[in-house]
**Q** 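Dropping the structure in here first, questions after.
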Amino acid sequence: VADVNDEMAMMFLEGERPDADTLSAAIREATVANLFVPVFMGSAFKNRGVQALLDNVTTYLPAPLEVTNTALEIMPEEEIPFNIGGSSKGAMVGLAFKLEEGRYGQLTYLRLYQGQLSKGDTIYNTTTGKKVKVPRLIRMHSDEMEDIQTAESGDIVALFGVDCATGDTFTDGSIKALNKFQKEDPTFRVSLDPESAQTIISGMGELHLEIYVERMAREYRVECEVGRPRVSFRERINKRVDFDYLHKKQSGGQGQYGRVTGYIEPIEDGSKVKFEFLNHLSGNNVPPGYVPAIKKGFEEAVNAGNLIGFPVEGTRVVLEDGAAHAVDSSEVAFKLASMYAFRHAFAESNPSILEPVMTVTITTPIEFQGTVMGDLNKRKGMIENSEQEMDDAIITCL
């Protein structure tokens, strides 16, 4: 690890011994960056090391939203690359990576790179140009099959009754339509907002966009949910709140037990740090192996606040104590305990909503400059600059 991580290299040269959290974080960072490949020893036949391998897949490998996959839109004369963000709210993109002949016919294994796929959907095979309906959607558990209604980005599912070949790409038709429209009309723009995971289309006016939405429904049979772009708000806590939460569940067999104690507080204004987790545990009330799961639970909790469901920024979480059970405690239990602890503490922290501040440039005829500036002041706009160019006035404001 020291060969690919500067912090680990310095600790190695100085003879220091890294703790488990620091070492795991360094391994994950190098693995995600394709600089390091962890190797696990085991035997599937003897069922040795399989669980450790699966656990560390979630520990070290990137989640679907942490990587950007590049696809190619095949045009008559060229191939145009575009990025697939991995969000479940984007247009559906999936790859058939394995075929298997079973007792019910061809079984197609499909990995979803973006969007959602539901039973009964009609999808488009970009290789053959044919549309096929998904009659049955399966989640595989070894040799067992579970019928499901919907799959999301990052899932691997199996399809019955879909005629295709290994390596075929399936979409819902919207990507092909949007890219075709964009090539036909330079004033029609398509982009993906990483904050809201919405596909944003822009053009010369509402009528312009309504025509293309209608064409997608008529020519590609893709029904679109349209509306105003979602504003990217943020949420924030405004005072320190202590938490002491016990997650305890018993339903026969091994239960769930995890207790976390500490406090949350706002990070100082002006700091670029959006989230900070501090481990102030003393003693072994909480085994060190559960601390990464506790941290992950808090990280997931701040991704969606209680007010309107937007990320919580400027939050410091300090873990001071807790409790574990010799049998019922697990990483899942402590992760859930930390998530619920944050939600309870967040509700008592006098939370507030942060609105985005944007720079707006307005070009208007010089005779309307005063009227426009007056309207901006009424809307609480802060005028930063105003200059004249020919017969137009260019106003910059926040």
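Along the sequence shown, the residues carry numbers beginning at 1. For the numbers below, each heavy atom of this structure counts, side chains included, while hydrogens, waters and symmetry mates do not.
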**Q** Is it the case that one hydrophobic cluster holds both L107 and F97, taking links as side-chain heavy atoms less than 4.5 Å apart, direct or via other members?
**A** yes

**Q** To check you understand the geometry: which heavy-atom pair defines the closest contact between P135 and F160, and what is its length?
**A** CG-O, 3.1 Å

**Q** Side chains of D19 and T22: is there a donor and an acceptor less than 3.5 Å apart?
**A** yes

**Q** Between S352 and N238, which heavy-atom pair has the shortest distance, and what is it?
**A** OG-ND2, 3.1 Å

**Q** If I take atom CE from residue M92 and atom CG from residue D172, how far apart are they, to the nearest 0.5 angstrom?
**A**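 Spacing of CE (M92) from CG (D172) equals 6.0 Å.
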
**Q** Measuring from D21:CG to N279:CG, what's the distance to the nearest 0.5 Å?
**A**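 Those atoms lie 7.0 Å apart.
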
**Q** Does atom CD (E29) have a neighbourhood of more than 12 heavy atoms from anything else shown, all under 6.0 Å?
**A** no

**Q** Drop me the distance from I237's CD1 to T315's OG1, to the nearest 0.5 angstrom.
**A**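 That separation rounds to 4.0 Å.
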
**Q** Scan D163, T169, D168 and name whichever one has a side chain to side chain donor-acceptor pair (under 3.5 Å) with N125.
**A** D168

**Q** Does S24 reach the side chain of Y60, with side-chain heavy atoms less than 4.5 Å apart?
**A**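 Heavy-atom side-chain distance check passes, below 4.5 Å.
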
**Q** Is the side chain of D328 donor-acceptor paired with the backbone N or O of G255 at a distance under 3.5 Å, no angle test?
**A** yes

**Q** Taking all atoms of both residues into account, what is the closest heavy-atom pair of S118 and T150, and its distance?
**A** OG-OG1, 3.2 Å

**Q** Report the residues that fulfil side chain to side chain contact (heavy atoms under 4.5 Å, CB included) with V226, sequence neighbours left out, ordered by chain and then residue number.
**A**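 Scan of V226 (side chain to side chain contact (heavy atoms under 4.5 Å, CB included), adjacent residues dropped) gives V213, C224.
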
**Q** Hey, is D321 close enough to R259 for a salt bridge, meaning N to O under 4.0 Å?
**A** no

**Q** Restricting to non-hydrogen atoms, name the atom on P266 and the atom on R240 that form the minimum distance, rounded to 0.1 Å.
**A**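 Of all heavy-atom pairs spanning P266 and R240, the closest is CD-N, 4.1 Å.
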
**Q** Using 0.5 Å steps for rounding, measure from the CD1 atom of I294 to the OG atom of S338.
**A** 6.5 Å

**Q** Which label fits F298 and F277: parallel for a plane angle under 30°, tilted from 30 to 60°, or perpendicular past 60°?
**A**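 Tilted: the ring planes of F298 and F277 meet at 30° to 60°.
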
**Q** Could you see if L35 belongs to whatever hydrophobic cluster contains V32? Use Ile, Leu, Val, Met, Phe, Trp, Tyr and a side-chain cutoff under 4.5 Å.
**A** no

**Q** I'd like to know if the side chain of R234 reaches the main chain of E355, judged simply by a donor and an acceptor atom lying under 3.5 Å from each other, with no hydrogens or angles considered.
**A**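 Here the side-chain-to-backbone pair does not exist.
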
**Q** Are I123 and L117 packed together at the side-chain level, in the sense that at least one heavy-atom pair is separated by less than 4.5 angstrom?
**A** yes

**Q** Among the clusters formed by ILVMFWY side chains lying less than 4.5 Å apart, do I156 and L54 turn up in the same one?
**A**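 They do not share one cluster, since no chain of ILVMFWY contacts under 4.5 Å joins I156 to L54.
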
**Q** side-chain contact (heavy atoms from CB on, under 4.5 Å), that's the test. Do Q106 and L99 meet it? Break it down for me.
**A** CA-CA 7 Å; Q106 178 174 298; L99 303 181; 3.7 Å; yes

**Q** Which atom pair, heavy atoms only, marks the closest approach of H208 to G203?
**A** ND1-CA, 3.5 Å

**Q** Using a cut-off of 6.0 Å, state whether more than 12 heavy atoms not belonging to K274 lie near its atom NZ.
**A**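 Open.
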
**Q** Could you check whether any side-chain heavy atom of V190 comes within less than 4.5 Å of a side-chain heavy atom of I200, counting everything from C-beta outward?
**A**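 No, side chains not in contact.
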
**Q** Between R316 and E268, is a salt bridge (charged side-chain N to carboxylate O under 4.0 Å, His left out) present by the stated rule, with each step listed?
**A** CA-CA 10 Å; R316 179 183 292 116; E268 299 74 15; 3.3 Å; yes

**Q** Would you check if there is a donor-acceptor pair between the side chains of N303 and E299 at a distance under 3.5 Å?
**A** no

**Q** Would you say D55 and E331 make side-chain contact, with heavy atoms under 4.5 Å?
**A** no

**Q** Angle between ring planes, Y245 versus H344, binned at 30° and 60°: parallel, tilted or perpendicular?
**A**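 Tilted.
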
**Q** Does the pair V157 and I148 meet the rule for a side-chain contact (heavy atoms from CB on, under 4.5 Å), with working shown?
**A** CA-CA 9 Å; V157 294; I148 58 175; 3.9 Å; yes

**Q** Can you confirm whether Q198 sits close enough to L192 that some side-chain heavy atom of one is under 4.5 Å from a side-chain heavy atom of the other?
**A** no

**Q** Taking it one step at a time, do H247 and Y257 satisfy side-chain contact (heavy atoms from CB on, under 4.5 Å)?
**A** CA-CA 6 Å; H247 175 68; Y257 186 98; over 6 Å; no

**Q** Are L110 and V132 grouped together when hydrophobic residues (ILVMFWY) are joined by side-chain heavy atoms under 4.5 angstrom apart?
**A** yes

**Q** Kindly list each side-chain donor-acceptor pair under 3.5 angstrom involving residues 377-387, sequence neighbours excluded, with atom names and distances?
**A**
unit_1, atom_1, unit_2, atom_2, d
N377, ND2, M373, O, 3.1
R379, NE, D375, OD2, 3.1
S386, OG, Q369, NE2, 2.6

**Q** Less than 4.5 Å apart, side chain to side chain, heavy atoms only: is that true for L159 and L137?
**A** yes

**Q** Which residues pass the side chain to side chain contact (heavy atoms under 4.5 Å, CB included) test with I308, sequence neighbours left out?
**A**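 Residues passing side chain to side chain contact (heavy atoms under 4.5 Å, CB included) with I308: F233, E235, F310, I353.
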
**Q** Do Y109 and I138 share a hydrophobic cluster (ILVMFWY, side-chain heavy atoms under 4.5 Å, transitive)?
**A** yes

**Q** Show your working on side-chain contact (heavy atoms from CB on, under 4.5 Å) between C164 and F170 and close with a plain yes or no.
**A** CA-CA 10 Å; C164 66; F170 291 91; 3.6 Å; yes

**Q** If you round to the nearest 0.5 Å, how far is CG of L319 from OH of Y263?
**A** 11.0 Å

**Q** Can you sort out the partners of N306 under side chain to side chain contact (heavy atoms under 4.5 Å, CB included), two or more places apart, ordered by chain and number?
**A** R343, F346, A347

**Q** Please tabulate, for side-chain N and O atoms in residues 388-398, each donor-acceptor pair with protein atoms closer than 3.5 Å (sequence neighbours left out).
**A**
unit_1, atom_1, unit_2, atom_2, d
Q388, NE2, M390, O, 3.3

**Q** Are any of the side-chain heavy atoms of S153 and Q116 separated by less than 4.5 Å?
**A**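 No, too far: nothing below the 4.5 Å cut-off.
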
**Q** Taking R136 first and then D147, would you say they form a salt bridge - that is, a charged N and a carboxylate O separated by under 4.0 Å?
**A**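 Yes.
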
**Q** I need the minimum non-hydrogen distance between I267 and V273, along with the two atoms involved.
**A** CD1-O, 3.7 Å

**Q** More than 12 foreign heavy atoms under 6.0 Å from CE of M140: is that the case here?
**A**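 Atom CE in M140 is packed in, count exceeds 12.
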
**Q** With a 4.0 Å cut-off, would you call R236 and D269 a salt bridge?
**A**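 Yes.
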
**Q** Distance check, rounded to the nearest 0.5 Å: I264 atom CD1 versus E276 atom CD?
**A** 13.5 Å

**Q** May I ask you to check whether over 12 heavy atoms, not counting those of F275, lie within 6.0 Å of atom CZ?
**A**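 Enclosed.
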
**Q** Name all residues meeting the side chain to side chain contact (heavy atoms under 4.5 Å, CB included) criterion together with E300; count only those two or more places apart in sequence or in a different chain, and write none if there are none.
**A**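 Scan of E300 (side chain to side chain contact (heavy atoms under 4.5 Å, CB included), adjacent residues dropped) gives K296, K335, M339.
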
**Q** Contact between V312 and F342 at the side-chain level, heavy atoms closer than 4.5 Å - yes or no?
**A**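 In short, these two side chains touch, coming nearer than 4.5 Å.
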
